[in-house]
Number of protein chains: 2
Amino acid sequence: MDGPTSRPGGRTARVRAAVLAAVVADLEEHGLEGLGVDGVAARSGVHRATVFRRWGDVGGLLADVLDAAADDAWTPPDHGSLAADLEDLAQEVLRYVGPAGSTVRALMGAAERFPRAQAGVHRFLDDRYRRSAVVVERAVARGEVDASVEPRRVLVAALGPLYHHLLHLPDPPDAADAAAYVRLVVAGITAPGGRPPRG
Amino acid sequence: MDGPTSRPGGRTARVRAAVLAAVVADLEEHGLEGLGVDGVAARSGVHRATVFRRWGDVGGLLADVLDAAADDAWTPPDHGSLAADLEDLAQEVLRYVGPAGSTVRALMGAAERFPRAQAGVHRFLDDRYRRSAVVVERAVARGEVDASVEPRRVLVAALGPLYHHLLHLPDPPDAADAAAYVRLVVAGITAPGGRPPRG
DNA sequence: ACTCTATCGCGACAGTTGTCGTCTTAGGAG
DNA sequence: CTCCTAAGACGACAACTGTCGCGATAGAGT
C-alpha cells in the first residue's frame, strides 16, 4: 500500500510504527469514543500536526492500522464441507469484530463519519471476501452446490446477518447464533430437491 | 418515549419539533459529517445550551428523530407468500437506509460513537423486527415453513446481508441484490426435502 | 388573576478538532 | 563530508463540543 514513495525507510517508517501502535493501544484502553488524534500524538511522541497531515483524522488512522494488519498470509480454513468452512469463518468474524475495543469494529463505527475509514472498510472486507471465495469454489468442485452460485453473494448472505446482529441489535450474538445464520443459507443452496438458487 | 412527563404540551413540544426538523434538514443537506449541535441550534432558533441539555449530543438528536418517526402505524405487507413478503421488506430497507442523507443510515453510522444513538438503533430495529415477525408466523400458519423456525432469526438472516452490503461494501446493492439475499434464505427453510432448520 | 416551577435563553468557560506558516532535522545523493 | 530535500516539530489560530450558573418566561394548577 506504500507505493513508490520517495523515502520508505528510516524516520518515516519509525513514526508510522509509533503512531499505529499508539492507536491500537488507545483503542483497547478507551474504545472508539476515547480515541483522539491528540491522545495518539501524545502517546506516540509524534507532533499533533504531523499526525493530522499524514492521516487526516481518526478514520485515516484506523484505516491505516487495518491496512497494515491486512498484510498477512491469512487463508480460509478447509474442513471438507461448505457448512463447516462457513461456520469457521463466522466464528472468526465473531472473534474479530465482537470485542468492543476491536480495530475492525471501531473502523466500521467510524465509516459513516469519515470517508477514509469507509474506504478502509471497503478495502478490508473486499480483500477478506476475495480470499474467502475459495471456500465456495471448493464446495462447487465437490459437487456440494450448483456451479451457478456466486461465491461473494453466498459469503455475504452467510456472514452479513452476523455483522448486522453484532453492530445493530441489542443482544450480543454468540457462537450458536453465528452457526445458525450460516446454516440457514447452507440449507438453501445444498437442498437436494430445492431449485438451484439464481445468485 | 415521552412517558408521564410533566409538561407535554406548549412550548416544549414546539421546541422539539423545531429542533427535529432542523436535524433532518441539515442531515439531508450536509450528511452526517456536516451535522452539528451548533448548526441545528442556529437553524431551529433554539439556544445551543438547550439542545445540549435536552439531547446531549448528535446521537441523542438522531435517536429522537427516529423515535418520533417510529410512532406510526406501519405494518408489514401481506403478499400471500414468505418470499414475496420478505422481498418487500428488503426493498423497504433499501429505500430507507440506502440514501446517503437517510436518518436511519446516519443513526447507524453514529451508533458506535454515541451511546444514545446506539440505544436508538436498538429500539428502532427491535420494534421493526417485532412488527415484522407476523410475516414468518403467517408462513408457518400456511404450512409454508416448519413451526420450529424463530421468526426473528429468519428476518435477520434475510435482511442482515442487505444492511451489511449497504453499509460496508463498496458497490451499492440494488433491488436484485436485495431479492437474491432473501431468496437464499427462503430456499433453505421452504426446501421440500431439506432438514427442518433448527432456528 | 395569581403563583409556582419546569424549561428555555443567555453568556462565559474549558477541552477538542483540524489548519496553517515557519523553522528544523533526518538521512539519501554526490 | 557536504549539500539538498522530504518530512517532522512547533506554536498560533479558528471552529466545534460540551458544561455551568443565572435570570427570564411559559403555562399548568388553583
Side-chain angles (χ1 to χ4, degrees), chain A residues 1-23 26-27 29-64 106 109-110 112-117, chain B residues 1-23 26-27 29-64 106 109-110 112-117:
Chain A
M1 219 29 83
D2 285 281
T5 44
S6 36
R7 301 274 178 87
R11 183 168 63 159
T12 297
R14 219 158 45 231
V15 165
R16 180 163 116 121
V19 167
L20 296 191
V23 170
D26 264 20
L27 201 57
E29 282 179 26
H30 315 110
L32 178 57
E33 311 169 49
L35 184 67
V37 178
D38 252 11
V40 169
R43 183 167 207 149
S44 64
V46 174
H47 198 271
R48 279 171 26 82
T50 298
V51 179
F52 276 114
R53 249 195 290 266
R54 278 193 62 175
W55 287 276
D57 54 27
V58 179
L61 248 10
L62 288 167
D64 200 29
E112 204 69 24
R113 212 171 170 71
F114 304 107
R116 287 181 190 80
Chain B
M1 227 12 95
D2 284 281
T5 46
S6 37
R7 300 276 176 87
R11 184 168 62 161
T12 297
R14 220 159 42 232
V15 166
R16 179 163 115 122
V19 168
L20 296 192
V23 170
D26 263 20
L27 201 57
E29 283 179 26
H30 314 110
L32 178 58
E33 310 169 51
L35 185 67
V37 178
D38 253 12
V40 169
R43 182 169 207 146
S44 64
V46 173
H47 198 271
R48 280 170 28 81
T50 299
V51 179
F52 275 114
R53 250 194 295 261
R54 280 193 61 176
W55 288 275
D57 55 25
V58 179
L61 248 11
L62 289 167
D64 199 29
E112 205 69 23
R113 211 170 171 71
F114 304 106
R116 287 180 189 83

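- Counting distance only, with no hydrogens placed and no angle test, the side-chain atoms of Arg53(A) and the base atoms of dG18(C) include no donor-acceptor pair under 3.5 Å.
- Atom CZ of Phe114(B) is separated from atom P of dG18(D) by 6 Å (rounded to the nearest Å).
- Looking at which nucleotide of DNA chain C each of His47(B) and Arg14(A) is closest to, the 5′-most match is held by His47(B).
- A straight line from CG of Leu61(B) to C1' of dT17(D) spans 13 Å, rounded to a whole angstrom.
- Checked against dA9(D), dG8(D), dC8(C), the side chain of Arg54(B) finds its nearest nucleotide in dC8(C).
- A distance of 13.0 Å separates CD in Glu112(B) from CZ in Arg113(A), rounded to the nearest 0.5 Å.
- At a threshold of 4.5 Å between non-hydrogen side-chain atoms, the residues Arg48(B) and Asp38(B) count as touching.
- The existence of a salt bridge linking Arg16(A) and Asp64(A) is confirmed by a sub-4.0 Å separation between a basic side-chain nitrogen and an acidic carboxylate oxygen.
- Side-chain nitrogen and oxygen atoms of Thr50(B) include at least one within less than 4.0 Å of the OP1 or OP2 phosphate oxygen of dG9(C).
- DNA chain C is contacted by both Ala49(A) and Arg48(B); Arg48(B) maps to the nucleotide lying nearer its 5′ end (nearest heavy atom per residue).
- Following rounding to the nearest Å, Asp26(B) (CG) and dC16(D) (C1') show an atom-to-atom distance of 14 Å.
- Interatomic distance, CG of Leu62(B) versus CG of Leu20(B), reported as 10.0 Å (0.5 Å rounding).
- Rounded to an integer number of Å, the gap from Phe52(A) CZ to dT19(C) P is 7 Å.
- Taking the nucleotide of DNA chain D with the nearest heavy atom to each of Val15(A) and Asp38(B), the more 5' of the two is matched to Val15(A).
- For Arg113(A) and dT17(C), the CZ to P distance is 11 Å, given to the nearest whole Å.
- Using a 4.0 Å heavy-atom criterion, one finds that Val58(A) contacts no nucleic acid atom at all.
- Here dT17(C) presents its P atom at 18 Å from CG of Leu35(B), a figure rounded to the nearest Å.
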